[in-house]
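Just so we're on the same page: letters track the sequence lines, and every chain starts at 1. Just so you know, these numbers use all the heavy atoms, side chains as well, and skip hydrogens, waters and symmetry mates. Just so it is clear, the structure is predicted and the values come from calculations on it, not from any experiment.
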Protein chains: 2
Amino acid sequence: MARISDIIELFIKELLDEAHNQSVEIQRNELANYFNCAPSQINYVLTTRFSLDKGYLIESRRGGGGYIKIVQINIDRQQHIKLILDQVGNSIGKMKATGIINVLKNRELITERECIIMRAAISDRTINTPVNIKDDIRANIVKGMIIALFNDCGRE
Amino acid sequence: MARISDIIELFIKELLDEAHNQSVEIQRNELANYFNCAPSQINYVLTTRFSLDKGYLIESRRGGGGYIKIVQINIDRQQHIKLILDQVGNSIGKMKATGIINVLKNRELITERECIIMRAAISDRTINTPVNIKDDIRANIVKGMIIALFNDCGRE
DNA sequence: TAAACTAAAGTCAAAGAAAGTCAAAACGGA
DNA sequence: TCCGTTTTGACTTTCTTTGACTTTAGTTTA
């Protein structure tokens with residue numbers, strides 16, 4: 001029931017919190033062993049929960065003494081908005097879109113209430129169109145809202 | 001003979017009553033199993049009895065650890081919101097939708113920034129779908145945003 | 001020093017676990 | 001009987017978990 005991926009995600013985020021330098025190194029096999037899961041599960045967590053659009057950078061090394069390093073990137077607002085708009089592209093799924101909106105909130109670029117509004121606007125149920133265009137519309141909505149809110153970016 | 005849909009509806013409403021925060025999470029298959037009906041019956045109940053117009057928000061996730069979450073606004077305490085939802089209806093043009101959003105702002109129910117986000121979300125350019133469904137989607141988005149904002153969880 | 005070994009991490013696809021969709025069949029009231 | 005509502009089930013989509021196989025890098029050995 002409780003997703004192991006979520007538990008691992010939380011664990012890593014706690015590690016990041018503790019490490020004040022906003023980056024942390026793990027051993028894939030060790031972690032997999034600790035959580036009693038397949039090592040590739042760690043990769044799954046990293047790609048789905050610690051992707052670039054969520055504000056993380058992964059760097060790693062194989063072989064003896066290998067490691068995986070998770071870095072929380074810290075960029076200024078303008079760059080960040082630009083990065084996010086790029087990540088949205090012309091089509092975006094609900095998961096990814098929600099992730100992006102959450103990042104905006106975590107970085108305190110939007111408030112809790114604004115976050116709630118945005119998430120509602122891109123929910124799968126509200127955009128009840130044929131599947132094939134759903135993600136396109138969602139991309140437009142996400143970008144539209146972000147641009148409207150931060151349209152001073154780029155100016156001055 | 002009592003319709004199973006009505007029984008399920010009641011059951012969910014009881015769950016919502018018990019839940020302090022006016023929101024509840026269910027497992028579709030589990031519930032279907034409990035009531036001995038087809039899983040898709042649950043979807044039927046949700047779409048016919050827990051629609052946006054009735055003041056409910058549904059959010060869900062597939063795959064392992066999936067769930068369906070039903071959120072309710074307190075219609076009694078917020079009759080004015082219900083009135084606004086009714087005004088939106090099943091389909092709404094950009095002009096009228098913008099008007100409603102402006103009313104929310106004038107009554108200081110939403111901030112200037114929230115107003116900007118909402119207007120962006122329902123603009124004609126962001127909702128780039130075939131004309132015939134554009135106003136339907138817009139109605140959903142407006143209602144979804146309003147319900148999300150005015151349910152009990154949404155208020156910090 | 002090159003080859004062999006060991007110790008990591010990466011990839012990818014299949015299997016599993018949910019929920020969603022849609023239309024046909026069944027039901028029930030006017 | 002007819003028509004709108006409900007029920008059912010086959011099929012689809014999305015997300016997660018697992019495991020076999022690959023790649024890379026350091027270490028040992030002939």
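Under 4.0 Å is where a charged nitrogen must lie from a carboxylate oxygen, and between B:Arg49 and B:Asp6 at least one such pair does. Comment: B:Glu59 does not engage A:Arg125 in a salt bridge, judged by the lack of any side-chain N to carboxylate O separation of less than 4.0 angstrom. With respect to B:Lys82 and B:Asp86, a salt bridge is recorded, a charged nitrogen being found less than 4.0 Å from a carboxylate O. Looking at B:Arg138 and B:Asp124, a side-chain N of the basic residue comes within less than 4.0 Å of a carboxylate O on the acidic one, giving a salt bridge.
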Taking protein heavy atoms under 4.0 Å as touching, what does nucleotides 13-19 of chain D look like 5' to 3' if B marks base contact, S marks sugar-phosphate-only contact and - marks none? BBBBBBB

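Summarising the local packing, CG of B:Asn90 is surrounded by 12 or fewer heavy atoms from other residues, nucleotides or ligands at distances under 6.0 Å.
For the pair A:Ile26 CD1 and C:dG10 C1', the interatomic distance rounds to 13 Å; values are reported in whole Å. Per the geometry, CG belonging to A:Asn43 stands 5 Å off P belonging to C:dG10, to the nearest Å. The separation between B:Phe50 atom CZ and C:dA19 atom P is 16 Å, rounded to whole Å. Rounded to whole Å, the distance from CG on A:Asn132 to C1' on C:dG20 is 15 Å. Between B:Glu25 atom CD and C:dA19 atom C1' there is a gap of 13 Å when expressed in whole angstrom units. Residue B:Ile42 contributes atom CD1, which lies 14 Å from atom P of D:dT6 at whole-angstrom precision. Protein atom CG of B:Leu46 is 11 Å distant from nucleotide atom P of C:dT21, rounded to whole Å. Taking atom NZ of residue A:Lys69 and atom C1' of nucleotide C:dA9, one finds them 17 Å apart after rounding to whole Å.
Applying the 4.0 Å criterion to OP1 and OP2 of C:dA7, one finds that A:Asn29 has every side-chain N and O outside that range. The shortest distance between the side-chain N/O atoms of A:Arg125 and the OP1/OP2 oxygens of C:dG20 is below 4.0 Å.
A donor-acceptor pair is defined here as one N or O able to donate and one able to accept, closer than 3.5 Å; no such pair exists between the side chain of B:Ser123 and the backbone of B:Arg119.
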